[in-house]
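Reviewing the structure listed below.
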Amino acid sequence: MTSQEIRQKFLDYFKSKDHLIVPSAPIVLKDDPTLMFSNSGMTQFKDFFLGYKTPTAPRIADTQKCLRVSGKHNDLDDVGRDTYHHTMFEMLGNWSFGDYFKKDAIAFAWELLTEVYGIPKENLYVTIFEGDASENLERDQDAYDFWKSHISEDRIINGNKKDNFWEMGESGPCGPCSEIHIDIRSEEEKAKVSGLELVNNDHPQVVEVWNLVFMEFNRKADKSLEKLPAQHVDTGMGFERLCMALQGKSSNYDTDVFTPLIAKVEELSGKKYTGILEDEKDIAIRVVVDHIRAVSFAIADGQLPSNGGAGYVIRRILRRGISYSYRFLDMKEPFLYQLVAVLQNQMGAFFPELEKQGNLVTEVIKSEEESFLNKIENGLIRINNIIKDTQNKGETIVPGNLVFELYDTHGFPADLSRIIAEEKGLTIDEQGFAEEMQKQKDRSRGDSEQKVYDWVNLEEREEKFVGYDQIEAETYITRYRKVENKDGEFYQVVLSNSPFYPEGGGQVGDKGVLENATESFEVLETKKENGLIISLINGLPKDAGALFYAKVDATDRKNSQANHSVTHLLHEALRDVLGTHVEQKGSYVGPDYLRFDFSHFNKMTEEELALIEEKVNAKIKESIALQEFRNIPIKEAIDKGAMALFGEKYGDNVRMIQFGSSKELCGGTHVKSTSEIGHFKINSESSAAAGIRRIEAISGDKSEEYFKNLEKQIIELSQLLKSKDVVRSIEKLIEENSSLKAEVEAFKKEKAKGEIGDWKGAYEQKGDKLLLVKRTSLDAGSVKDIVFQLKREIPTSITVILSDADGKPMITVGVSDDLAGIYQAGALIKDLAKEIQGGGGGNPGFATAGGKNLDGLENAYQKALNI
């Protein structure tokens with residue numbers, strides 16, 4: 001049975017049991033501040049479990065793309081070292097929202113595994129929650145009784161809270177769970193040791209394949225448990241492990257989920273995969289084929305590698321794959337990008353984002369590979385210099401802080417530093433490295449860490465967003481909770497009528513004021529969390545249940561929505577000018593400016609940028625009225641020509657924004673007419689990543705401000721130049737400046753000629769060699785010319801020139817060619833540069849260094865005399 005057939009049988013089975021089959025949500029989360037990525041199948045249904053949204057159906061099934069590389073669930077370091085851990089994996093799941101519960105969930109799972117998939121019953125074991133006295137939780141007797149009708153009692157195992165009580169996070173829905181484990185060992189192995197002894201003991205062939213979670217409780221911030229108003233079922237079955245069991249393999253990597261990728265790596269690297277766990281080559285191949293899946297799906301869903309947040313995690317995964325292939329597969333050139341086509345062929349039919357975004361994914365990975373391989377080459381030079389310095393000092397331990405700096409600042413793998421050090425007979429100061437790593441984690445945690453208390457619920461009222469129609473509203477606080485972070489104590493509030501737009505779709509969240517007759521609070525930000533619109537205020541009202549007046553900062557909202565509307569016009573203009581391959585890949589919309597990232601592989605020309613501006617401003621002048629379709633079926637919106645973005649999660653009904661021929665699915669706020677935008681001005685166009693260009697621009701008040709400042713500058717220039725023809729006056733200044741520069745250069749050359757004669761006679765005999773150490777005020781260019789002439793004309797010589805031109809210290813070292821094998825200009829300059837608090841470099845015959853400490857030139861002079 002192929003992996004495609006296994007996946008389809010699961011979905012078909014639950015469709016026959018009246019489950020709605022839904023597509024996988026994007027692997028990258030954009031509206032959940034508690035998670036970067038979907039790390040389980042239930043992530044996209046959190047709003048249903050929390051009661052913030054009504055489920056689209058009482059029974060749902062799907063296969064969800066998951067990523068476990070950060071936070072509580074982090075499998076990254078295990079990947080490659082065993083047969084069943086992965087960064088990206090598929091989670092097959094079926095869900096019941098207040099519909100069926102334990103009895104049916106158990107029956108469905110058993111029937112599917114044993115009758116549809118035909119897994120022998122004697123190969124299966126199940127666990128149930130044994131209870132926990134510390135939380136007054138009883139043994140899950142119901143689950144035990146239901147399982148008894150399917151499996152012998154000696155195969156039902158009690159499990160502790162760690163294994164058999166599932167929790168979404170530090171707080172939230174949770175409940176007892178029942179795991180199904182499969183024993184895929186040979187009959188000989190089973191006869192020696194019972195599978196009962198190996199369940200939940202990390203045996204690679206006695207593994208958990210399915211977890212049935214019975215959501216009954218809500219974990220509060222104070223760690224107490226309360227009963228949920230309804231009982232739910234949340235199940236998750238590891239697709240890769242299921243394929244291993246059904247295809248009779250002993251490793252996930254031996255299934256057809258991975259074998260096509262492994263075959264391609266073998267072809268490209270010339271290395272043969274043997275499947276040996278401890279073999280570094282095989283570990284590397286497993287790492288590569290796992291990581292390419294995670295990175296490809298993340299990029300396809302809109303998350304580009306970057307230096308922060310989710311983008312940093314993706315970059316880290318990709319670099320781990322590159323590092324392993326560099327070290328153990330001898331792959332010194334980019335090659336991972338060639339695996340994308342294989343992945344598309346395997347999974348593109350079921351996950352169309354891979355097909356649609358294939359070119360972009362390929363180009364981004366290739367660019368990242370080229371960049372990181374270059375970093376590795378530069379890092380090798382750095383680590384070898386560090387090792388050489390350590391050896392020159394007669395030490396055997398490489399400083400951990402320097403290894404960490406290489407890793408943190410330059411991206412050089414710490415493991416590679418260790419290997420190189422060991423080859424030279426040295427070790428790394430592991431404690432020093434660990435201390436620096438901990439400092440970084442503490443800094444990161446300190447910036448982001450906050451304590452969030454439980455919600456305090458007030459009078460139950462409908463909670464709705466009214467900000468599309470009004471920026472001021474009478475409202476009540478329906479719930480609030482305290483938040484403590486590095487900046488102090490704040491309160492998050494949910495309003496019955498909220499005019500505050502929550503951050504999303506690239507648009508910043510609204511700020512403003514929440515007030516009544518006696519109190520006023522600043523609204524510092526507004527975000528969305530699990531479907532709730534949450535505003536952060538700088539205090540707690542004395543009477544939180546009173547009637548309040550919510551007022552959005554009108555100026556910021558006006559400018560933000562002008563920038564948002566113009567991004568739609570910009571998107572359409574880019575597609576008109578550059579082609580329909582252009583798709584939005586990210587945006588920032590604030591009151592001060594807008595940023596728009598889009599797929600395009602070439603730098604835009606000045607002519608293209610001018611044409612884009614012209615097209616957008618023409619639309620603005622047309623005063624095109626906004627057409628808003630606030631709640632229409634997504635199919636109808638797509639049929640009308642609306643742009644849907646990959647990586648966004650859309651519901652059955654959507655909001656469509658139309659300005660003439662521009663039609664996009666969008667939840668942001670917009671102008672009523674394009675004339676409100678005022679004027680559109682592009683500030684810059686640059687590369688955001690491989691295959692991604694970035695435009696930064698302004699509109700509205702900022703555009704008006706820009707032209708006013710421009711006019712003011714022209715008036716000031718005109719006054720300075722005493723001419724209304726500013727352009728001609730500046731041209732004249734440039735001509736005069738060029739003429740004066742030529743005269744200055746001629747003067748410098750004459751001065752330098754005079755210096756050369758004096759310097760030639762100033763060399764001192766040092767044994768059988770000549771040394772010149774000289775102070776001067778000549779500029780760097782003149783000094784360079786003189787040194788090159790001297791090292792050519794004066795054999796067996798070293799020349800050291802210390803310059804203070806323009807008040808900046810500069811040291812230049814020249815070594816004649818006949819001494820190049822004995823003395824290195826770069827090594828000499830490195831030592832001398834310490835005296836001026838500087839650094840530099842060059843080649844064996846010539847090197848320069850600049851610094852900060854002008855007074856240090858005298859010490860450098862004295863040190864140079866001793867060469």
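- More than 12 heavy-atom neighbours from other residues, nucleotides or ligands sit within 6.0 angstrom of CG on L380.
- Between E583 and K356 a salt bridge is recorded (basic side-chain N to carboxylate O distance below 4.0 Å).
- With a 6.0 Å radius and a threshold of 12 heavy atoms from other residues, nucleotides or ligands, K332 has its NZ atom above the threshold.
- Applying the salt bridge (charged side-chain N to carboxylate O under 4.0 Å, His left out) rule to E572 yields the partners K619; only residues at least two apart in sequence or on another chain are considered.
- Listed for the E369 side chain is a donor-acceptor partner under 3.5 Å among the backbone atoms of F335.
- In this structure, R694 contributes its side chain and A688 its backbone to no donor-acceptor pair below 3.5 Å.
- With hydrogens and angles disregarded, no donor-acceptor distance shorter than 3.5 Å links the side chain of E355 to the backbone of A349.
- Using a 4.5 Å heavy-atom cutoff, the side chains of T427 and E422 are not in contact.
- Between the side chain of N563 and the backbone N or O of V589, no donor-acceptor pair lies under 3.5 Å.
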Name the atoms and distances for all side-chain donor-acceptor pairs under 3.5 Å in residues 257-268, with sequence neighbours left out.
unit_1	atom_1	unit_2	atom_2	d
T259	OG1	T255	O	3.3
K264	NZ	E267	OE2	3.4
E266	OE2	Y273	N	2.8

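- Taking the centre of each ring, F596 and Y588 stay at or above the 6.0 Å mark.
- One finds the CZ atom of F239 at 14.0 Å from the CD atom of Q64 (value rounded to the nearest 0.5 Å).
- Between the side chain of E613 and the backbone N or O of I682 there is at least one donor-acceptor pair closer than 3.5 Å.
- Other residues, nucleotides and ligands contribute at most 12 non-hydrogen atoms within 6.0 Å of the CG atom of N359.
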Take R327 and E280 through the test salt bridge (Lys or Arg N to Asp or Glu O under 4.0 Å) and record every step on the way to the result. CA-CA 9 Å; R327 289 154 54 196; E280 293 289 0; over 6 Å; no
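- Screening V287, V361, L339, I317 for a side chain to side chain contact (heavy atoms under 4.5 Å, CB included) involving I292 leaves a single residue, L339.
- With sequence neighbours excluded, the residues that form a side-chain contact (heavy atoms from CB on, under 4.5 Å) with T274 are I276, K281, D282.
- Ring centroid separation for the pair F598 and H581 does not come in under the 6.0 Å cut-off.
- In this structure, the side chain of S367 does not engage the main chain of V364 through any donor-acceptor pair within 3.5 Å.
- Judged purely by atom type and a 3.5 angstrom limit, E608 uses its side chain to pair as donor or acceptor with the backbone of T605.
- Under the ring pair (Phe, Tyr, Trp, His ring centres under 6.0 Å) criterion, the residue pairs touching residues 337-373 are F297-F351, with sequence neighbours excluded.
- Distance alone, capped at 3.5 Å, is enough to place a donor-acceptor pair between the Q247 side chain and the M1 backbone.
- Put simply, the side chain of Q440 reaches to within 4.5 Å of the side chain of D408, judged on heavy atoms.
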For residues 308-315, which side-chain N or O atoms pair as donor and acceptor with protein atoms under 3.5 Å away, sequence neighbours left out?
unit_1	atom_1	unit_2	atom_2	d
R315	NE	E368	OE1	3.0
R315	NH1	N307	OD1	2.7
R315	NH2	E368	OE2	2.8

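- D592 meets the salt bridge (charged side-chain N to carboxylate O under 4.0 Å, His left out) test with K702; sequence neighbours excluded.
- With F433 as the aromatic partner, R418 meets the cation-pi criteria of under 6.0 angstrom to the ring centre and within 45 degrees of the ring axis.
- Using a 30° and 60° split on the angle between ring planes, Y407 and F404 fall in the tilted class, from 30° to 60°.
- The CG atom of N602 sits 11.0 Å away from the OG atom of S687 when rounded to the nearest 0.5 Å.
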